[in-house]
Amino acid sequence: METFPKIISVDDHTVEPPNVWRDRLPSKYRDSGPRVVRAPLKEMSFLGGKFAPVMGAKGDDGPVGDWWVYEDLHRPLTRLDTAVGYDRDEIKLEVITYEQMRPGSYSVPDRLADMDINHVQSALCFPTFPRFCGQTFTEAKDRELGLLGVRAYNDWMVEEWCGPDAHGRLIPLTLIPLWDAELAAAEVRRNADRGVRAVAFSEIPPRLGLPSIHTDEWDPFLRACDETGTVVAMHIGSSSKMPSTSADAPPAVGSTITFANCCFSMVDWLMSGKFERFPNLKVMYAEGQIGWIPYILERADVVWEENRGWGGVAEKVLRPPSELFAEHVYGCFFDDAFGLRNLDAIGVGNVLYETDYPHSDSTWPKSREVGEQQMGHLDADVVDRIVRRNAIELLGLTGEGLWAG
């Protein structure tokens, strides 16, 4: 292509600096809230979609890394959290320190510089330590501290990560206290009042021990999103377990079928009746790719047409699921040539581009080249919509693709 639009990535990641919570929690919580310690690794596995690290004690043998410590949780920083800049064959499941990661993972000026290298204008970033929808705070015992932890993250996200030094190029994505839908609604409204238009949520809440979207439990939260124009953003793995097939399946199995949770979740939403009740609600699936979507829409329409009488949806899903998808759902991809060849069956207006910086799947620093190769058959206007304009409209950005705050 002679020109390729400046990218607005709807799925990148931030690695939170060590002081995020210590700077923002009340003094009585500074030693019990999330904090970073340097310690050796005792053992670590990633099998059957489950990540299981064990922190060693000071003086133990083993590689040393930086660990987030919070109540009973010990979560190390790993090379998979920040893999950009490394050869693919060098990326292993290993613990690292902040000094061993690319500074753009946690530093705003360095992030902007890496975005420039990658032809990226603006980026929406999911969290690391809180996990993809803040379930770290939901699993904690102290609810008061958990709520303060969610709010502290959101304040850091809005005021610092996406603050003045970001020049509108970093787009805020906030968290909610998942254990209380009324508190979640209040947090959505608090952040919407300062210009936030995206909130992280779990793709499959019951896997976190939470109500499903087929109940009315989430209605206060969904109503707040509907009324404020806040997009519900769901990342693969936001149900705390990646798709897999067996307890001993190697990570390569889960990495191949990462889209599966998004697939299951999308069918949940299309058959839930929530889009009928909340007509302005929008949801997006980060890192789920798009090539699987046409068949799921075809099958969902067949089930709705032929089986809705006994399928439990006749009274609440009043239109074909494919119509609901077109109005409410967005698929996000970073590398999906097959999906782009079948764009007509998905919908040009329902697709968003991403770079996944700084994760191991990231196309950085070649996201432009990947896009040019895979979108070369598309009209310039279609490319512009996918790469930036759909995101501008969905996230309420300025015409230049920046967050106005």
* To do: On the 0 to 90° scale, with breaks at 30° and 60°, tag the His13-Phe132 ring pair as parallel, tilted or perpendicular.
  => tilted

* Asked: Any donor and acceptor pair, going by atom type alone, linking the side chain of Gln135 with main-chain N or O of Leu208 inside 3.5 Å?
  -> no

Side-chain atoms of residues 324-334: list all donor-acceptor pairs with protein atoms under 3.5 Å, sequence neighbours left out, distances to 0.1 Å.
residue: Glu327; atom: OE1; partner: Arg319; partner atom: NH2; Å: 3.0
residue: Glu327; atom: OE2; partner: Arg319; partner atom: NH1; Å: 2.8
residue: His328; atom: ND1; partner: Leu281; partner atom: O; Å: 2.7

* Mind listing the closest non-hydrogen atom pair of Arg35 and Arg22 along with its distance? => CB-CD, 4.1 Å

* Distance-only, no hydrogens or angles: does the Asp226 side chain make a donor-acceptor pair with backbone N or O of Asn280 under 3.5 Å? -> yes

* So, Asp155 and Arg194, do they make that salt bridge, N to O below 4.0 Å? -> yes

* For Asp193, does the CG atom have more than 12 heavy-atom neighbours from other residues, nucleotides or ligands under 6.0 Å away? -> yes

* **Side chains of Leu73 and Trp68 in contact at under 4.5 Å (non-hydrogen atoms)** => no

* Are the side chains of Ser9 and Asp12 in touch, meaning some heavy atoms are under 4.5 Å apart? -> yes

* May I have all residue pairs that pass side chain to side chain donor-acceptor pair (under 3.5 Å) and include part of residues 195-213, sequence neighbours excluded? => Glu203-Ser239, Glu203-Asn261, Arg207-Asn261

* So which heavy atom on Ile91 is nearest to which on Leu80, and how close? -> CG2-CD2, 3.7 Å

* His119 side-chain N/O to Phe4 backbone N/O, donor-acceptor pair under 3.5 Å -> yes

* To do: Kindly check if the number of other-residue, nucleotide or ligand heavy atoms within 6.0 Å of CG (Asp87) is above 12?
  => yes

* How long is the gap from CD on Glu160 to CG on Asp165, to the nearest 0.5 Å? -> 9.0 Å

* Asked: Would Arg131 and Glu139 count as a salt bridge (charged side-chain N to carboxylate O under 4.0 Å, His left out) if you check the C-alpha gap in whole Å, the side-chain angles of each, and the deciding distance to 0.1 Å?
  -> CA-CA 11 Å; Arg131 311 219 293 286; Glu139 294 167 357; 2.7 Å; yes

* Out of Tyr70, Phe129, Trp156, Tyr29, which one pairs with Trp21 under the ring pair (Phe, Tyr, Trp, His ring centres under 6.0 Å) rule? -> Phe129

* Donor-acceptor under 3.5 Å (Asp336 side chain, Gly339 main chain) -> yes

* To do: Show the numbers, then the answer: is there a side chain to side chain contact (heavy atoms under 4.5 Å, CB included) between Phe338 and Ile290?
  => CA-CA 8 Å; Phe338 180 84; Ile290 59 175; over 6 Å; no

* Asked: Can we say Arg389 and Asp381 salt-bridge, meaning some charged N sits less than 4.0 Å from an Asp/Glu carboxylate O?
  -> yes

* Asked: Between Tyr357 and Asn118, do the side chains contain an N or O donor and an N or O acceptor separated by less than 3.5 Å?
  -> no

* Structure fact -> Distance col, row Leu402:CG vs Leu170:CG, nearest 0.5 angstrom, shows 10.5 Å

* **Euclidean distance, Thr174 OG1 relative to Asn154 CG, rounded to 0.5 Å** => 4.5 Å

* Leu112 side chain reached by His167 side chain, heavy atoms, under 4.5 Å -> yes

* Are Glu276 and Lys316 ion-paired here, with the side-chain N under 4.0 Å from a carboxylate O? -> no

* To do: Decide, yes or no, whether a salt bridge links Asp110 with Arg102 under the criterion of side-chain N to carboxylate O below 4.0 Å.
  => no

* Asked: side chain to side chain contact (heavy atoms under 4.5 Å, CB included) between Tyr353 and Val370: does it pass, once the steps are laid out?
  -> CA-CA 11 Å; Tyr353 199 39; Val370 171; 4.1 Å; yes

* Asked: Do side-chain atoms of Glu187 reach the backbone of Arg151 as a donor and acceptor pair under 3.5 angstrom?
  -> no

* Asked: Hey, is Lys274 close enough to Asp268 for a salt bridge, meaning N to O under 4.0 Å?
  -> no

* Asked: Could you go step by step and tell me if Tyr285 and Ser265 meet the side-chain hydrogen bond (donor to acceptor under 3.5 Å, both in side chains) rule?
  -> CA-CA 9 Å; Tyr285 287 101; Ser265 175; 2.9 Å; yes

* Would you call Leu93 and Pro251 a side-chain contact if the rule is heavy atoms closer than 4.5 Å? -> no

* By side-chain contact (heavy atoms from CB on, under 4.5 Å), which residues pair with Pro76, not counting sequence neighbours? -> Met44, Phe51, Pro53, Trp67, Thr78, Val95

* Structure fact -> Between the CZ atom in Phe221 and the CG atom in Leu183, the distance rounded to the nearest 0.5 Å is 13.0 Å

* Where do Ser272 and Val317 come nearest, in terms of heavy atoms and distance? -> N-CG2, 4.4 Å

* Given the rule in the side chain to side chain contact (heavy atoms under 4.5 Å, CB included) test, do Glu323 and Phe275 qualify, once you have shown the distances and angles that lead to the verdict? -> CA-CA 11 Å; Glu323 291 185 15; Phe275 295 138; over 6 Å; no

* Which heavy-atom pair separates Asp60 from Ala57 by the least distance, and what is that distance? -> OD2-N, 2.8 Å

* Minimal non-hydrogen separation, Thr82 against Ser105, with atom names -> OG1-OG, 2.6 Å

* To do: Could you check if a side-chain atom of His235 sits within less than 4.5 angstrom of a side-chain atom of Asp11, using non-hydrogen atoms only?
  => yes

* Find out whether Pro358 and Arg111 are in side-chain contact, i.e. whether some heavy atom of one side chain is under 4.5 Å from a heavy atom of the other. => yes

* Asked: Are a donor atom and an acceptor atom from the side chains of Thr363 and Asp335 found within less than 3.5 Å of each other?
  -> no

* To do: Could you tell me whether the side chain of Gln100 and the main chain of Thr97 form a donor-acceptor pair under 3.5 Å?
  => yes

* Below 4.0 angstrom, N of the basic side chain to O of the carboxylate: do Asp219 and Arg277 qualify? -> yes

* Search all heavy atoms of Asn350 against all heavy atoms of Asn390 and return the closest pair with its distance. => N-ND2, 4.3 Å

* Would you check if the side chain of Tyr153 reaches a backbone N or O of Leu148 as a donor-acceptor pair within less than 3.5 Å? => no

* Backbone N/O of Gly288 and side chain of Trp292: donor-acceptor pair under 3.5 Å -> yes

* **Side chain to side chain, Leu397 and Ile8, heavy atoms closer than 4.5 Å** => yes

* Would you mind checking if Glu400 and Arg169 are paired as a salt bridge, meaning a charged N to carboxylate O distance below 4.0 Å? => no

* Asked: Would a 4.5 Å heavy-atom cut-off, applied to side chains only, mark Cys133 and Leu175 as touching?
  -> no

* Structure fact -> CG (Leu145) and CG (Leu25) are apart, to the nearest 0.5 Å, by 6.0 Å

* Is it true that Arg75 and Asp81 make a salt bridge, defined as a side-chain N closer than 4.0 Å to a carboxylate O? -> yes

* For Trp161 and Val158, indicate whether the former's side chain and the latter's backbone hold a donor-acceptor pair under 3.5 Å. => no

* How many angstroms lie between atom NZ of Lys6 and atom OG of Ser122, to the nearest 0.5 angstrom? -> 9.5 Å

* Does the distance from a Lys or Arg side-chain N to an Asp or Glu carboxylate O, for Glu90 and Arg79, drop under 4.0 Å? -> no

* Do Cys262 and Met234 pass the side chain to side chain contact (heavy atoms under 4.5 Å, CB included) test, and can you show the C-alpha distance, the side-chain angles, and the key distance before you say yes or no? -> CA-CA 8 Å; Cys262 295; Met234 293 171 282; over 6 Å; no

* Asked: Under 3.5 Å, side chain of Glu71 to main-chain N/O of Lys141, donor-acceptor pair present?
  -> yes

